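Down below is the structure, laid out as structure tokens.
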Amino acid sequence: MTDQTPFRPFDSHLDEGRALTHLRAATDGAEDGELFIERRRSEALVFDDGRLKTASFDASEGFGLRAVNGETAGYAHSTDLSEAGLARAVATARLAVGAGGGVLADGPPPTNRRLYTDANPMADADFGAKVETLREIDAYARDLDPRVVQVSATVAASLQEVEILRPDGQILRDVRPMARVNVSLIVEEDGRRESGNAGGGGRVSLSGLIAPESWQAKAREALRIALVNLAAEDAPAGVMDVALGAGWPGILLHEAVGHGLEGDFNRKKSSAFAGLLGQRVAAPGVTVLDDGTIPDRRGSITFDDEGTPSGKNTLIEDGILVGYMQDRQNARLMGVAPTGNGRRESFAHPPMPRMTNTYMLSGGADPDAIVADLKDGIYAVGFGGGQVDITSGKFVFSCTEAYRVKNGRIGAPVKGATLIGDGPTALREIRAIGNDMALDPGIGNCGKSGQWVPVGVGQPTLLIGGLTVGGSAA
């Protein structure tokens, strides 16, 4: 599990020259394409209810071969990292090229930038030390409060090693670590049970996350959330103003707005933001970025899964829509430059436009003053699951931590609150932007077309007018 031998597929599996010959055969007459080779190793240990419940280790390696011509892409993937396996893939990828006629696009510019360590986070501690850490988390969380009746703790780490060979002979190599620690617990009082969850990580070593000062803070935060929910009342229902906290509530921005700004949805005109470049789509002061260049962040990538260096891309500037997130294919079809957002879950998946770290910049308002200006509404600081319709922008999100606010005073916590609205309207109804932009603690995953990739989100405290709050209070 802690093998430190670097992945060098052109030394151990394939001849580089022969691989390039096959790739060029696949992309002859095409506009683009690449050979994406990957090795991934991951482990997860879950300590639940006083015992080690699961300990898993996964390893995979393989390649994906793609040829792109116009709107058509041929893709073949295999775990057979051999010349024979590559030769079989060529025939499939060629189906997209047809009679050819395409002119091969220039390759991505090179980069020497490094955004994260290339060390294997799984090697930071041996198996016994990780189990003991989980045991200590369990004991610590139970000692925090006698109402804690169940604790679950997870330590997870992975290492993804990528090599991309392009038809011009360019080879790009990236080593992408990931680590995370999560603590969830259940408290009980007078027969009522509530839960709390806290965690985080990023493209960092595991050693810092399993240090006591790190996981103890997560355990205390999980307990705080659980106790808040233990005292929560039923949420009200109706149309009201809503204040959103800084940081993780940016998941609403990610889902309700971010997906609608991905290039493929806009090229196909299936996004609520299609055709609106240069127009006002949000209140003045709203600036939204997608930034894959933040060191050590969960959503950051040195270059994307086509080889384009990641970028700090402005999507909305002072309320005006100025750009979309692009992979190479969509950028070419739309006549713009790729933005470093071509991402894929693994070698078994073709790339598509995806978010990295998506966030809204700070404004000038004091966060306390934003809440104080809320006459009758909800202050939401934690979110769980949600659903979004890309075409209309309509969303439904459940709150995991929220409070009733009346006349500027934060009152009792509420449970069962859902926020209902649509992204374009919510952007226009932003009435105040705090000066406290924060990123999430490193817990985000994003799904699209059956593919999952790690992402980051963030925002300052916001005041949004006229959202529909779903609740059960009479």
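If you read the sequence from its start, that first residue is 1, and numbering goes on from there. Only heavy atoms go into these numbers, but all of them, side chains included; no hydrogens, no water, no symmetry mates. Given the structure is predicted, the values throughout are model-derived calculations rather than measurements.
You'll find the ring centres of His254 and His259 inside the 6.0 Å limit.
Here the side chain of Asn357 pairs no donor or acceptor atom with the backbone of Val457 at under 3.5 angstrom. Looking only at distances, a side-chain donor or acceptor of Ser271 sits under 3.5 Å from a matching main-chain atom of Gly260. Although no hydrogens or angles enter the test, the distance criterion places a donor-acceptor pair under 3.5 Å between the side chain of Ser310 and the main chain of Ile301. Of the possible donor and acceptor atoms, one in the side chain of Asn266 sits under 3.5 Å from a partner among the backbone N and O of Ala274. Looking only at distances, a side-chain donor or acceptor of Arg203 sits under 3.5 Å from a matching main-chain atom of Pro177. Remark: side-chain polar atoms of Gln387 are not paired, donor with acceptor, to backbone N or O of Val396 under 3.5 angstrom. Between the Asp389 side chain and the Phe395 main chain, no donor and acceptor come within less than 3.5 Å of each other. Lys130 places a side-chain N or O within 3.5 Å of a backbone atom of Ala125 that can act as its donor or acceptor partner. Side-chain atoms of Thr339 come within 3.5 Å of backbone atoms of Gln326 as a donor-acceptor pair (strictly under, hydrogens ignored). Under the 3.5 Å distance criterion, the side-chain polar atoms of Arg298 are left unmatched by any main-chain donor or acceptor of Pro441.
For Asp327, there are no salt bridge (Lys or Arg N to Asp or Glu O under 4.0 Å) partners two or more places apart in sequence or in a different chain. The salt bridge (Lys or Arg N to Asp or Glu O under 4.0 Å) search around Arg297 returns Asp440, not counting sequence neighbours. Judged as a side-chain hydrogen bond (donor to acceptor under 3.5 Å, both in side chains), and not counting sequence neighbours, Thr21 has no contacts. For Asp305, the salt bridge (Lys or Arg N to Asp or Glu O under 4.0 Å) criterion is met by Arg176, not counting sequence neighbours. Here Trp248 pairs with nothing under the ring pair (Phe, Tyr, Trp, His ring centres under 6.0 Å) rule; sequence neighbours left out. Taking Glu262 as the reference, Lys448 meet the salt bridge (Lys or Arg N to Asp or Glu O under 4.0 Å) condition, with sequence neighbours excluded. For Gln150, the side-chain hydrogen bond (donor to acceptor under 3.5 Å, both in side chains) test picks out no residue, with sequence neighbours left out. For Ser78, there are no side-chain hydrogen bond (donor to acceptor under 3.5 Å, both in side chains) partners, not counting sequence neighbours. Asp58 pairs by the side-chain hydrogen bond (donor to acceptor under 3.5 Å, both in side chains) definition with nothing, not counting sequence neighbours. When the side-chain contact (heavy atoms from CB on, under 4.5 Å) test is applied to Val148, the partners found at least two apart in sequence or on another chain are Arg142, Asp145, Val151, Leu185, Val187, Leu223.
Counting only residues at least two apart or on different chains, the salt bridge (Lys or Arg N to Asp or Glu O under 4.0 Å) pairs with a member in residues 14-26 are Arg18-Glu83. Legend: salt bridge (Lys or Arg N to Asp or Glu O under 4.0 Å) pairs involving residues 329-345, not counting sequence neighbours, sorted by first then second residue: Glu31-Arg332, Asp32-Arg332, Glu34-Arg344.
Thr461 contributes atom OG1, which lies 8.0 Å from atom CD of Gln459 (distance to the nearest 0.5 angstrom). Within the model, atoms CZ of Phe383 and CG of Leu252 stand 5.5 Å from one another, a figure rounded to the nearest 0.5 Å. Taking CG from Leu244 and CG from Leu253, the interatomic distance works out to 10.0 Å, rounded to the nearest 0.5 Å. Taken to the nearest 0.5 Å, the OG atom of Ser184 stands 13.5 Å off from the NZ atom of Lys218.
Side-chain contact of Thr302 with Tyr116: a donor-acceptor pair under 3.5 Å is present, judged by distance alone. Residues Arg220 and Tyr140 have side chains that bring a donor and an acceptor to within less than 3.5 angstrom of each other. Side chains of Ser205 and Ser207: a donor-acceptor N/O pair is present below 3.5 angstrom, by distance only.
Closest of all the heavy-atom pairs between Arg114 and Val175 is NH2-O, 3.5 Å. Closest heavy-atom contact between Gly74 and Ala96: N-CB, 2.9 Å. Of all the heavy atoms in Ala157 and Leu206, the pair that sits closest is CB-CD2, 4.5 Å. Gly208 and Ser214 make their closest contact through O-CB, 3.3 Å (heavy atoms, listed as atom of the first residue, atom of the second, distance). The two residues Tyr324 and Leu276 make their nearest non-hydrogen contact at OH-N, 3.8 Å. Across Asn182 and Gly199, no two heavy atoms sit closer than the pair OD1-CA, 3.7 Å.
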Exercise for review: Could you give me the CA-CA distance, side-chain angles and deciding distance for Met352 and Ser449, then say whether side-chain contact (heavy atoms from CB on, under 4.5 Å) is met?
Suggested key: CA-CA 9 Å; Met352 65 180 78; Ser449 299; 3.8 Å; yes
Exercise for review: Please test Leu134 against Leu45 for side-chain contact (heavy atoms from CB on, under 4.5 Å), starting from the C-alpha separation and ending with a verdict.
Suggested key: CA-CA 8 Å; Leu134 290 169; Leu45 284 71; 3.6 Å; yes
Check your understanding: Stepwise, does the side-chain contact (heavy atoms from CB on, under 4.5 Å) test hold for Phe10 with Leu165?
Key -> CA-CA 10 Å; Phe10 295 121; Leu165 175 64; 4.0 Å; yes
Practice item. Mind running side-chain contact (heavy atoms from CB on, under 4.5 Å) on Asn341 and Asn313 for me, showing each step along the way? Key: CA-CA 10 Å; Asn341 290 95; Asn313 300 299; 3.5 Å; yes
Exercise for review: Show the numbers, then the answer: is there a salt bridge (Lys or Arg N to Asp or Glu O under 4.0 Å) between Arg328 and Asp304?
Suggested key: CA-CA 10 Å; Arg328 287 174 58 86; Asp304 70 10; over 6 Å; no
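You'll find the side chain of Val162 reaches within 4.5 Å of the side chain of Gln160, heavy atoms only. The closest side-chain heavy-atom distance from Phe303 to Thr308 is not below 4.5 Å. Side-chain atoms of Thr287 and Ile316, non-hydrogen and from C-beta on, never get closer than 4.5 Å to each other. Side-chain contact between Val388 and Lys394: absent, with no pair of heavy atoms (C-beta onward) separated by less than 4.5 Å. Using a 4.5 Å cut-off on side-chain heavy atoms (C-beta onward), Met325 and Leu261 make contact. Side-chain contact between Met122 and Arg41: present, with at least one pair of heavy atoms (C-beta onward) separated by less than 4.5 Å. Contact of the Met178 side chain with the Pro454 side chain is registered, since non-hydrogen atoms from C-beta on lie closer than 4.5 Å. Contact annotation: the side chain of Ser195 never approaches that of Asn229 to less than 4.5 Å [non-hydrogen atoms, C-beta and beyond].
Of the charged side-chain nitrogens involved, at least one lies within less than 4.0 Å of a carboxylate oxygen, so that Glu163 and Arg173 count as a salt-bridged pair. Look at Glu306 and Arg66 and you find a salt bridge, because one of the NZ, NE, NH1 or NH2 atoms lies within 4.0 Å of a carboxylate O, short of that distance. Between Arg354 and Asp290 no salt bridge is recorded (no basic side-chain N to carboxylate O distance below 4.0 Å). Between Glu221 and Arg224 there is a salt bridge, since a side-chain N of the basic residue sits under 4.0 Å from a carboxylate O of the acidic one.
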